[in-house]
Q: 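This structure is in structure tokens; I'll ask about it shortly.
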2 protein chains.
Amino acid sequence: MRLLLLISLLFTFTVSWFYGRDAPDRWSVGGVWPLPQKIIYGSKNRTLTYDKIGIDLGDKKDCDILLSMADNYMNKWLFPFPVELKTGDTDDFIITVTVKEECPAGPPVHGASEEYLLRVSLTEAVINAQTVWGALRAMESLSHLVFYNQKSQEYQIRTVEIYDKPRFPVRGIMIDSSRHFLSVNVIKRQLEIMSMNKLNVLHWHLVDSESFPYTSEKFPELHGVGAYTPRHVYSRQDIADVIAFARLRGIRVIPEFDLPGHTSSWRGRKGFLTECFDEKGEETNLPNLVDPMNEANFDFIAEFLEEVTETFPDQFLHLGGDEVSDYIVECWVRNKKIRKFMEEKGFGNDTILLENYFFDKLYKIVEKFRLKRKPIFWQEVFDNNIPDPNSIIHIWKGNTHEEIYEQIKNITSKSLPVIVSACWYLNYIKYGADWRDEIRGTAPSNSRYYYCDPTNFNGTDAQKELVLGGIAAIWGELVDNTNIEARLWPRASAAAERLWSPAEKTQRAEDAWPRMHELRCRLVSRGYRIQPNNNPDFCTFEFEEPPARKSEL
Amino acid sequence: MRLLLLISLLFTFTVSWFYGRDAPDRWSVGGVWPLPQKIIYGSKNRTLTYDKIGIDLGDKKDCDILLSMADNYMNKWLFPFPVELKTGDTDDFIITVTVKEECPAGPPVHGASEEYLLRVSLTEAVINAQTVWGALRAMESLSHLVFYNQKSQEYQIRTVEIYDKPRFPVRGIMIDSSRHFLSVNVIKRQLEIMSMNKLNVLHWHLVDSESFPYTSEKFPELHGVGAYTPRHVYSRQDIADVIAFARLRGIRVIPEFDLPGHTSSWRGRKGFLTECFDEKGEETNLPNLVDPMNEANFDFIAEFLEEVTETFPDQFLHLGGDEVSDYIVECWVRNKKIRKFMEEKGFGNDTILLENYFFDKLYKIVEKFRLKRKPIFWQEVFDNNIPDPNSIIHIWKGNTHEEIYEQIKNITSKSLPVIVSACWYLNYIKYGADWRDEIRGTAPSNSRYYYCDPTNFNGTDAQKELVLGGIAAIWGELVDNTNIEARLWPRASAAAERLWSPAEKTQRAEDAWPRMHELRCRLVSRGYRIQPNNNPDFCTFEFEEPPARKSEL
């Protein structure tokens with residue numbers, strides 16, 4: 001007991017003294033991530049006791065989204081730290097939530113308002129929002145104002161006035177469930193952490209060359225043959241669960257079915273892929289391009305995509321289109337039937353014309369869903385082909401921010417909207433604080449994730465309006481359930497802030513760091529595996545590994 | 001139901017067809033990691049049923065190490081997969097364990113035998129070992145022979161004869177609990193995984209500039225001032241727990257107290273550090289070198305190390321000695337008192353002589369413990385100073401394997417034993433299968449961890465005998481509870497095999513891969529976070545994230 005006292009005494013002398021690491025006196029207290037558009041703190045804090053805090057949902061008491069929000073925050077996220085919860089001794093503290101629009105039955109639509117006002121006084125908290133999505137963002141901000149006061153050993157909340165709304169409508173994470181399978185539970189964890197960073201889009205790269213975990217009802221041969229094993233699939237119910245879980249957190253789920261390349265896992269569909277040949281003319285084991293000669297393939301794609309649109313309610317549909325050129329030689333140039341077909345069509349030797357032929361037919365299929373679905377294509381469809389004028393171009397190439405900005409400028413100058421991923425290829429790990437520092441490594445994106453600003457190019461206002469936002473990508477070649485969470489976070493938080501907050505207030509990583517550190521420690525206390533990304537430091541309450549459980553699949 | 005049947009049917013056609021990833025038909029079935037010295041498989045496998053398997057510890061029935069082993073393997077590690085355990089229907093299968101030497105009261109001593117014979121027939125398994133440590137290694141090998149047969153839906157074990165012993169006596173992992181704190185629970189998990197890789201040394205880099213989590217009974221001001229917070233410490237009981245836990249798994253714990261640099265967290269001890277000065281002659285906030293002028297410091301070090309030797313039973317004691325030159329200018333050259341002291345001692349301007357002075361006095365202290373403790377120093381003490389002839393030199397520098405081999409050759413030519421870490425700086429992450437492929441990144445070690453062979457230099461047999469082994473290092477600047485496990489494994493498994501197995505049989509990563517994949521999936525099923533480190537692939541049973549729990553500290 002005497003020893004403990006001694007330690008406490010000594011500790012009070014040390015908090016201002018640190019070597020080679022970040023000092024707690026730099027960490028924010030009740031800092032909000034991402035930085036709101038406008039935030040004015042009051043000078044006083046208010047003690048929060050678990051049993052005196054309440055929430056009033058006004059006339060939206062039956063809205064499942066708000067009920068789920070109330071449950072999550074009141075029972076979990078507002079009081080995350082492993083300390084004894086004090087009761088009593090304070091007046092009631094009621095959070096009043098007022099939402100103008102009706103409770104939506106579906107997930108957020110593109111461009112839906114996420115605007116909110118949040119006022120926290122010593123007596124109450126007031127949230128005003130146009131939509132439930134704005135209320136969700138406000139509640140997350142409110143939870144960031146709560147901190148644990150070590151001295152008084154109690155939870156406190158900062159008084160504040162916030163006006164907030166996102167800078168870009170599309171702020172997302174791309175996951176890849178083909179190279180390695182990701183369990184529904186792990187995807188849900190990422191959705192939770194996304195909502196804690198006010199991200200609103202899950203781009204689900206569902207299938208790729210390696211495996212086809214999407215369960216088709218109409219075409220069960222696709223996952224039947226293309227999944228790694230019958231265990232490595234998402235059932236129809238799994239997909240519905242993910243979409244519903246995301247909706248409750250204000251997140252859209254945009255599925256990707258990449259065509260016509262990266263398709264070898266679709267091989268369960270007879271006749272879908274062209275035969276491919278090596279240099280000696282021997283057939284290879286690696287068909288990876290759709291066969292454009294087979295008319296039935298387009299009927300199949302139409303029927304398949306119809307099911308996809310019934311499965312995924314989002315207005316956007318990602319149809320890939322990347323890296324076709326990687327397979328052209330093996331699968332089209334060396335394929336005699338294809339060459340004959342090209343001659344017949346008058347394409348000569350120009351495989352680009354054959355690609356265009358494929359894409360034209362794909363656009364016509366998309367046309368069927370035009371009012372319901374806006375297609376997204378990876379940038380090659382712009383770089384090499386003729387994009388559907390209705391499509392969104394998704395940028396993934398570029399070794400430097402400047403190269404990426406140049407592409408954004410170029411594409412928007414053709415009046416096409418863009419989504420940017422090239423700045424945030426988070427699977428390409430590097431040693432060091434890569435969200436902040438210049439570190440050489442695999443491109444695109446390299447490092448300095450915090451410094452990418454997608455409208456930082458010389459263009460018109462109309463062009464800048466066409467920048468819909470960004471999606472941080474974590475491709476799956478070396479990522480699975482074991483490591484996705486720590487690799488994503490808090491590196492993706494850097495993107496989340498730049499996509500939400502005013503550009504002029506988020507120019508310097510060193511200004512962001514104190515809040516990012518608090519965010520990391522807050523989410524660690526909520527049970528998430530948010531890794532260090534600074535020099536040596538610590539959280540007051542560290543992450544604790546839960547007891548191991550046997551693998552489940 | 002029909003759908004499920006269809007899937008199963010289709011699946012049988014697909015297992016031999018893969019794109020861009022590793023095929024299951026290449027994965028080993030009942031492969032042992034690390035590769036034994038000699039292993040001959042029988043042609044038949046034997047079904048294992050949970051209730052018919054028994055273990056006979058012979059005359060060592062009261063040995064706590066063997067009892068713990070029996071408990072772990074019989075109840076957990078032999079049957080890790082998430083499948084229904086079948087009972088009955090087979091004859092008994094008894095594992096008979098015969099150990100010659102007595103059950104040791106302490107942890108393994110340096111060079112203790114880990115040799116074993118293991119025979120698995122259709123009717124029984126027989127383990128013969130000189131020591132309990134050999135029995136532990138045999139049992140781990142036995143557990144690698146067990147696999148889940150998908151077709152018959154039952155556990156089976158391969159029949160086999162194994163003769164095995166390690167190539168090097170020192171095979172370890174270095175953890176750093178100063179830059180970021182690591183909880184006891186997380187350290188224990190790494191010890192478990194180490195034992196599953198037959199590693200036998202935990203090098204615990206306990207304290208460094210940033211924090212002092214070691215709890216000293218005699219000098220509580222050290223952790224009182226130097227720990228991040230009073231929560232970020234290892235109590236005396238924590239340390240004893242770690243040592244006891246390691247002992248039960250055949251692992252020694254070698255503590256490191258780095259002197260005279262990297263010591264700013266020792267500042268709780270008044271007068272221990274010299275004052276340091278910036279270019280303008282202003283005193284800096286960063287004392288990081290012991291004050292060699294103060295005689296009391298040597299008495300203190302002696303007394304402190306006495307406690308350390310009472311705390312840690314291992315015969316080795318790591319005393320650091322690295323990167324002194326990083327602080328020399330600020331803390332010694334610019335320090336007037338030090339300069340005066342150097343003049344008085346006749347050192348002139350030669351700070352190396354002052355370093356030697358410090359180390360000489362340190363060696364005299366170690367002399368007191370000579371029969372009990374063999375000191376380990378980082379290589380600078382060899383490179384720049386005069387090492388104690390009794391010491392072990394720990395190599396951490398070198399950009400290529402060849403540079404590292406050259407240093408091993410050089411140091412062993414002076415009759416000093418070496419431990420090699422330079423090949424395995426696992427904190428320096430790179431994108432890709434860095435255990436196997438050449439990937440540019442932060443040195444030392446770069447990549448290709450599997451290809452480092454510490455005796456691969458032109459030297460005498462006597463020199464090669466001086467190579468004690470290797471320790472894979474995971475420094476803590478960017479590593480904590482959230483990410484240490486996935487970063488370490490299975491990259492450290494590459495080192496584990498090269499340090500245990502015959503050099504001539506472990507020359508090619510592609511030969512090792514089928515067993516490494518099985519190892520990864522086996523340990524994933526045991527509940528450990530072993531990340532992918534190949535191209536796209538999968539485990540039959542994937543890792544599942546346990547339910548989050550709030551942070552504990």
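A note on names: the letters A, B, ... follow the listed sequences, proteins ahead of strands, and every chain is numbered from 1. Note that these values count all heavy atoms, side chains included, but never hydrogens, waters or copies made by symmetry.
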Q: Among the options A:R529, A:Q531, A:Q150, A:R440, pick out the one with the most heavy-atom pairs lying under 4.5 Å from chain B.
A: A:R529
Q: Between A:I439 and chain B, with a heavy-atom cut-off of 4.5 Å, which part of the residue counts as in contact: side chain, backbone, both or neither?
A: neither
Q: Less than 4.5 Å apart, any side-chain heavy atom of A:Y234 and any of A:I187?
A: yes
Q: Got a second to check how far B:I530's CD1 is from B:F543's CZ, nearest 0.5 Å?
A: 9.0 Å
Q: In terms of heavy-atom proximity below 4.5 Å to chain B, should A:D480 be classed as side chain, backbone, both, or neither?
A: both
Q: If you count heavy-atom pairs within less than 4.5 Å of chain A, which of B:V186, B:N533, B:L478 leads?
A: B:L478
Q: Quick check: do B:E542 and A:S183 have side-chain heavy atoms less than 4.5 Å from each other?
A: no
Q: For B:Y528 and B:W489, does a side-chain donor sit closer than 3.5 Å to a side-chain acceptor?
A: no
Q: Do A:H180 and B:D537 have side-chain atoms, one donor and one acceptor, less than 3.5 Å apart?
A: yes
Q: Looking at B:E477, B:R487, B:E485, which has the largest count of heavy-atom pairs under 4.5 Å with chain A?
A: B:E477
Q: Answer with side chain, backbone, both or neither: which region of B:E192 has an atom nearer than 4.5 Å to a non-hydrogen atom of chain A?
A: neither
Q: In terms of heavy-atom pairs under 4.5 Å with chain A, which of B:T482, B:I429, B:V83, B:D208 leads?
A: B:T482
Q: May I ask you to check whether B:Y214 and B:R236 show a side-chain donor-acceptor distance below 3.5 Å?
A: yes
